[in-house]
Structures are given as C-alpha cells and as structure tokens.
Amino acid sequence: MDIRHRHEHEPPAGIHHETRDVHVRPLAWLGVGLAMLILISMVAVKGIFVFLDRQQAQNDVAPLPMMTQRPQQPPEPRLQTTPVPNRKLIVEQESKQLNTYGWVDSRSGVVRIPVNQAMKLLAERGLPARNESSQPSGVSGQTTGTAAGSETKPGNKETEKR
C-alpha cells in the first residue's frame, strides 16, 4: 500500500492557518475617507456647474434679428411640399373645368362646355370650313376636300382636263 495517499492531510512543515483577525478600524477609516471624497467631489462638480452657468449668463448676448425672424419664402416657382394632395386638387379642378359649363370670357361671350357635349356637337355639325377669301394667296388653285367628295377651284388645269 502506498503511504502518500492517506486520507489524513497533514500540512507541510511551517504552513498553518491564520491565527489573528483582520483589523476593522483601518478599513472603517478607509470607507469613511472614500465616502468623504465622493461627497466633496459631488459638491465641487455642482459648484463648477453653478459657476459656469453664471459666467454663461453674463457673456450671453441677444440673438441677431436674422436668427429670431421667420425665414422668408424663396421666390416663385417653389418646390411642392405636399405633392400628392396638390396633384389631387389639380386633377379635381381640371376635371371640373372639362365636365361643366362656364364662362371663359363673359364680355366677349365665350363659354366653356363639357368635352362630351363638344364632341357630340362636332360630330353632328362637322368642322367649320374656311372661306375662299380667308385662304392665303399661295394656296389658290388647290383642291379642298369635303364630305361629299372633292371640289376644285376654277383655274386648276388638272381637274379641268378630267
């Protein structure tokens, strides 16, 4: 049997447990000193803040009028700040103009009619034709087309030969 593995542990020679207690008084003074240091630091920081606030208040000047006035709007045209509501409003106004009756110029008697009504009238009446006197001089002698067929003006030699 091996002697080294006994269940009893014997400390080696010269090593043994502590026989005295820790001194509490120096540790208490250390704790009191740390607490006093923390309190003094807090009071010092508070004093520095009060001093800096007073100094800032003395050095403050009134802000420039440019900084206190509301900024002026830039000249036209301006960017849209709310494009979606603006677009909806524009579409609503345009469709109101396209689908209602109204005066364009009441002094000269010019009115606005709905687009559907204007298309019906144009289909019934046709486009207005120009008078011969209102045509430019370089166009005389040309053929003009109508719904019934082609008409010619006198002096057009091609149509006279037919």
Side-chain angles (χ1 to χ4, degrees), residues 22 24-162:
V22 176
V24 178
R25 184 173 286 172
L27 288 177
W29 281 111
L30 180 65
V32 168
L34 283 175
M36 298 267 297
L37 182 63
I38 290 171
L39 287 174
I40 290 170
S41 298
M42 289 173 60
V43 169
V45 168
K46 177 69 174 169
I48 290 172
F49 276 124
V50 168
F51 170 75
L52 291 176
D53 282 343
R54 286 182 185 163
Q55 189 176 11
Q56 181 71 28
Q58 289 174 355
N59 293 338
D60 270 351
V61 293
L64 298 174
M66 179 192 295
M67 296 173 67
T68 58
Q69 292 175 352
R70 185 175 180 179
Q72 296 176 352
Q73 289 189 347
E76 292 286 338
R78 293 186 199 104
L79 295 177
Q80 291 180 336
T81 56
T82 54
V84 173
N86 289 350
R87 188 196 66 196
K88 288 179 181 176
L89 181 65
I90 289 170
V91 167
E92 182 180 306
Q93 290 172 349
E94 287 176 347
S95 55
K96 181 181 176 185
Q97 280 187 340
L98 291 174
N99 298 318
T100 60
Y101 291 93
W103 286 102
V104 174
D105 186 7
S106 59
R107 291 182 184 160
S108 61
V110 179
V111 298
R112 177 184 73 238
I113 63 172
V115 172
N116 292 337
Q117 183 66 25
M119 288 173 26
K120 287 178 188 175
L121 289 173
L122 188 61
E124 289 173 5
R125 298 179 185 169
L127 289 173
R130 287 188 184 178
N131 294 337
E132 289 181 20
S133 61
S134 68
Q135 287 185 348
S137 61
V139 187
S140 65
Q142 292 182 352
T143 61
T144 58
T146 63
S150 74
E151 290 183 13
T152 59
K153 293 183 181 177
N156 190 347
K157 294 181 182 178
E158 291 181 16
T159 54
E160 289 178 4
K161 291 178 184 176
R162 288 186 193 168

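The chain is numbered in sequence order, starting from 1.
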Taking the basic N atoms (NZ, or NE/NH1/NH2) and the acidic carboxylate oxygens, is any pair closer than 4.0 Å for E76 and R78?
yes

For residues Y101 and Q117, report the shortest heavy-atom separation together with the two atoms involved.
OH-CG, 3.7 Å

Tell me, please, which residues at least two apart from R54 pass salt bridge (Lys or Arg N to Asp or Glu O under 4.0 Å).
none

Got a second to check how far [X]'s [atom1] is from [Y]'s [atom2], nearest 0.5 Å?
{"X": "F49", "Y": "Q56", "atom1": "CZ", "atom2": "CD", "result": "13.0 Å"}
{"X": "D60", "Y": "Q58", "atom1": "CG", "atom2": "CD", "result": "10.0 Å"}
{"X": "R112", "Y": "N99", "atom1": "CZ", "atom2": "CG", "result": "10.0 Å"}
{"X": "I38", "Y": "M42", "atom1": "CD1", "atom2": "CE", "result": "8.5 Å"}
{"X": "T82", "Y": "R87", "atom1": "OG1", "atom2": "CZ", "result": "11.5 Å"}

Go through the steps to decide whether Q55 and L52 satisfy the test side chain to side chain contact (heavy atoms under 4.5 Å, CB included), and finish with yes or no.
CA-CA 5 Å; Q55 189 176 11; L52 291 176; 4.0 Å; yes

I'd like to check the side-chain hydrogen bond (donor to acceptor under 3.5 Å, both in side chains) partners of S106; sequence neighbours left out, ordered by chain and number.
none

Contact between M119 and L122 at the side-chain level, heavy atoms closer than 4.5 Å - yes or no?
no

